[in-house]
Each structure stands twice: as structure tokens, then as C-alpha cells.
Protein chains: 2
Amino acid sequence: MLRLSKLTDYAVVVMVRLGRGEAVQTSPCIAAATGVPEPTVAKVLKILAAAGLVASHRGARGGYRLVRPLDAVPIADIIAAIDGPIALTACVDGGTSCEAQGLCPMRGRWDPVNRAIEAALAGITLADMADPGLSFAAPVEAAALGPLALPLPALHVAE
Amino acid sequence: MLRLSKLTDYAVVVMVRLGRGEAVQTSPCIAAATGVPEPTVAKVLKILAAAGLVASHRGARGGYRLVRPLDAVPIADIIAAIDGPIALTACVDGGTSCEAQGLCPMRGRWDPVNRAIEAALAGITLADMADPGLSFAAPVEAAALGPLALPLPALHVAE
DNA sequence: GAAATCAGGACCGTTGCGGTCCCCTTATCC
DNA sequence: GGATAAGGGGACCGCAACGGTCCTGATTTC
Ligand code: FES
Ligand code: FES
């Protein structure tokens, strides 16, 4: 279903959370605020830190903070950080192609499709997802269910 | 990596093959022409037939033919036929949402992203992939390695 | 009636993903 | 300087989805 991984979804939630409130937040704190299980939050933050999307500070009084503001982080970056580079097929962009390389009829054919998706994903920032002030196509009715609400004390998993 | 399934890749190959040569072709014939294993071709064609993208004719002298010409089939249709509807997350478009429905901070937030991708995928047809007469952005250097060639006797798997 | 061809589903091995846990390093605070 | 609070970097395992194959039946032509 052309689905992106759950971790990516969590990453967006976590990043948006980091974009509000205290500048530096600990992973247990974020877990409590978002309802995402703490070990998972920690894992996500570690990956995001490795990708340079968040900065970490160790020791007591440590935690994570955003490196760039939300409106400067396209979701493409998040997806690339968690799921790896966007590559619809194995052979996109000269990567390791399918078995009989050099003979495949689809050689390079997916590249433009990949570009189109990358472009679409690069044009939407985390700020767009946090705040329904949409600047792209497709008016979303989701705006009707919570204008600027997003209080983020909400829970992902119950209890 | 936001990867689409291999079956989808095969489906495109098969569809493009159906777009040239005889109007009606059998699945073993297509398998031989494309190099894709015959059982897999048969499976793909069955799915495509169920989705109404190809028409089948049973019995001797039977086979498959395209319902619409290649330039009238956006890749979004292929992906939807094989991988199911395009849904980045479980909760897109009112589908079954994540566990604690109604409380999730990302509720509906992915919808516009999904629309953007759908739009990108709806704007590229199989004809665009078969023939590098690109009408969309991102000039592809793949055009340099085979203008209109695509003879399709090539093999996907070796041997 | 025989042969060709699709229809539909069952089947299983592999892979990647989701999720959890552990131990070590680093920095603050008393 | 020691205790404590936090992140760093993995290893680990169960599960579900996917890829790939095969079999049995229904349909059409010759
Ligand atoms: S599908 Fe890309 S090289 Fe075969
Ligand atoms: S991520 Fe869509 S409802 Fe939670």
C-alpha cells in the first residue's frame, strides 16, 4: 500500500512535539506527552539525532532540541532519516539494480517517478503538518476537526 | 524506503509489453518476452484483470489485452491494483486509524501528503514510462541509454 | 472431445519491521 | 568526588507481510 513505516509516523509526532514547549526535552517527557511508548520514542530520537535533525545533550538536565525550526524541515527529510533514502525500486538513481542488470527493460524508468514523489515530499514541511495553514493543493477537511488545536497531550496508545 | 512491491514493478513491465505487439497475448508468451517467471506473470495478470486494467479471454486462442491504451493508464492505477489503495498511514482518508482513534495528534494530518503523492502518481502514465517523451519535471538522463528502444526481449532474471 | 488458456486459491520460506531490553558513556548536581 | 539523570549504541526476538510456486477447476476454440 505504499505505506511508510510506523517509526516515521512516530518521528513526525515527536518532532512536532519538540517544536513546542520547552526548547530541550527528554525522551521520557516526550513519551508522556505524546503517548508513544518510551522505548520507541528513544529509538526514534536516536535515529533523528544521527541524521542531524535533532541535537542531543547528555547527562542530567540533558535532552533533545530541534536543530532547524519545523517550517524548515520537509517530511522528505524525516522519511529519509527513518526509512532510508526514497527509492521506489532497487534500481533508482543508479543503486543496486535487479538481478540481470543492464538488460532490464525498466532500467532507469522509475527515476522520474521517484523524483516526482521526492518533489512532492520536499514541498511539505513539518510546520504544514502541525498547523493546517496549508500552502499546497488539496484542501483538507481535517482542518475542520481542530483548527490550531493540536494540544499534543493526546495519546497514541490507550491508557 | 518507501519502496513499492516487486509485483508492481513486474506489473508495469507486463503492461508495457501488452501495449506493443499482438493485441492479445498469453501469459507464457509475455513471460518469455519479458523474462519474468511465468507463474509470477500469471499472478500479476490475474490481479490486473480483477482490477479491470486488462481484459482476459479464456480457452484456446485466449489471452490478455489492454482495456485502455498505455497513455490512459496512470501508474497510480497499477499501484492501487497491486498494492492496494495508496495510504501512507493506516488512518489516511478515514480508514482504520491507529489504536487510540480520536485522540491521535496526527489524525488526518497525513491526508494532504497522501493527496500530493497520489497527484504525482496520477500525472504519470505507462506511456511516459515506456517512452521517454517526458512531460513532467526532472529531465531524466535515462533517455540517453535507449531513446525508443525498449525491445523487451530483455531478461529480468538471468539465465 | 481434446487441447489450450485463464480463474482462484492454498501453500510455505524469507525478509524486514516493530518493539523491547541491556549496558556503557557523559554531564549535572549535591 | 560521588550519586544521579540522561543519551548512545547496540543486540535480540516475534510477527506479519511479501514473493514465489503449485494445484485444481472452469471456459473457450478447434
Ligand atoms: S527493475 Fe530496475 S533494473 Fe530491473
Ligand atoms: S497516526 Fe493516524 S490516527 Fe494515529
Side-chain angles (χ1 to χ4, degrees), chain A residues 1-11 13-14 18 22 24-32 35-65 67 79 81-84 87-90 98-99 156-157, chain B residues 1-11 13-14 18 22 24-32 34-65 67 79 81-84 87-90 96 98-99 156-157:
Chain A
M1 308 84 176
L2 201 66
R3 180 154 302 166
L4 45 77
S5 75
K6 243 173 171 182
L7 270 294
T8 304
D9 192 5
Y10 290 150
V13 175
V14 166
L18 265 181
E22 305 300 320
V24 169
Q25 301 173 42
T26 74
S27 64
C29 160
I30 295 175
V36 180
E38 195 276 337
T40 300
V41 170
K43 184 176 201 171
V44 166
L45 281 170
K46 275 184 258 191
I47 299 174
L48 292 175
L53 289 170
V54 301
S56 63
H57 192 205
R58 303 223 267 194
R61 243 333 285 294
Y64 295 93
R65 66 176 172 78
V67 169
I79 297 177
I82 307 284
D83 286 344
L88 288 183
T89 63
C98 68
E99 305 82 33
H156 237 85
V157 302
Chain B
M1 310 86 171
L2 201 67
R3 180 153 302 166
L4 44 77
S5 75
K6 242 173 169 182
L7 270 294
T8 304
D9 192 5
Y10 290 152
V13 175
V14 166
L18 265 182
E22 303 299 319
V24 170
Q25 301 173 41
T26 74
S27 66
C29 159
I30 295 175
T34 59
V36 180
E38 195 276 337
T40 302
V41 170
K43 185 177 198 170
V44 165
L45 281 168
K46 275 183 258 190
I47 299 174
L48 292 176
L53 288 171
V54 302
S56 64
H57 193 203
R58 303 224 264 196
R61 242 335 283 296
Y64 295 93
R65 66 176 173 78
V67 169
I79 297 177
I82 305 285
D83 286 345
L88 288 184
T89 62
T96 61
C98 68
E99 307 80 33
H156 238 85
V157 302

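Please read all numbers here as calculations on a predicted model, not as lab measurements. Below, all heavy atoms of this structure are taken into account, side chains as well, without hydrogens, waters or symmetry copies. Note on naming: letters A, B, ... go to the chains in the order of the sequence lines (proteins, then strands), and numbering restarts at 1 for each one.
Atom CG of B:L18 is separated from atom P of C:dC6 by 11 Å (rounded to the nearest Å). Nucleotide C:dG16 holds its C1' atom 14 Å from the NZ atom of B:K6, rounded to whole Å. Spacing between atom CG of B:L2 and atom P of C:dC17 amounts to 12 Å, rounded to whole angstrom units. Spacing between atom CD of B:Q25 and atom P of C:dT5 amounts to 13 Å, rounded to whole angstrom units. For the pair A:L7 CG and C:dG16 P, the computed distance is 16 Å after rounding to whole Å. Taking atom OH of residue A:Y64 and atom P of nucleotide C:dA27, one finds them 14 Å apart after rounding to whole Å. Spacing between atom CZ of A:R65 and atom C1' of D:dA6 amounts to 16 Å, rounded to whole angstrom units. Atoms CG (A:D9) and P (C:dC17) sit 16 Å apart, rounded to a whole Å.
Partner A:V41 forms a side-chain contact (heavy atoms from CB on, under 4.5 Å) with one of A:V13, A:T26, A:I30 and no other, that one being A:I30. Shown are A:L53, A:V24, A:V54, A:L48; of these, the side-chain contact (heavy atoms from CB on, under 4.5 Å) with A:L18 is made only by A:V54.
If you take SG on A:C29 and OH on A:Y64, they are separated by 13.0 Å, rounding to the nearest 0.5 Å. Rounded to the nearest 0.5 Å, atoms OH (B:Y10) and OG1 (B:T34) are 9.5 Å apart. Annotation: the span from A:L88 atom CG to B:I79 atom CD1 amounts to 6.5 Å, rounded to 0.5 Å. Of the inter-residue distances, the one linking B:L45 atom CG with B:E38 atom CD reads 9.5 Å to the nearest 0.5 angstrom.
Distances shown here put every side-chain N or O of A:T40 at or beyond 4.0 Å from the OP1 or OP2 atom of C:dG18. B:T26 has no side-chain polar atom (N or O) that falls below the 4.0 Å cut-off from OP1 or OP2 of C:dC6. Neither OP1 nor OP2 of D:dA17 sits under 4.0 Å from any side-chain N or O of B:S5. Dashed line: the shortest gap from a side-chain N or O of B:Y10 to OP1 or OP2 of D:dC18 is not under 4.0 Å.
The two residues A:P37 and A:A31 come nearest to each other via the heavy atoms C-CB, 4.4 Å. Contact record, A:H57 with A:R61: ND1-O, 4.4 Å, taken as the closest heavy-atom pair.
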What nitrogen or oxygen pairs link the protein and nucleotides 1-5 of chain D at under 3.5 Å?
from, atom 1, to, atom 2, distance (Å)
D:dA5, N3, A:A60, N, 3.4

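Non-hydrogen atoms lying under 4.0 Å from DNA chain D are contributed by A:K46, A:S56, A:H57, all within residues 41-57 of chain A.
Using modelled atom types, one finds a donor on one side chain and an acceptor on the other under 3.5 Å when comparing B:T8 with B:D83.
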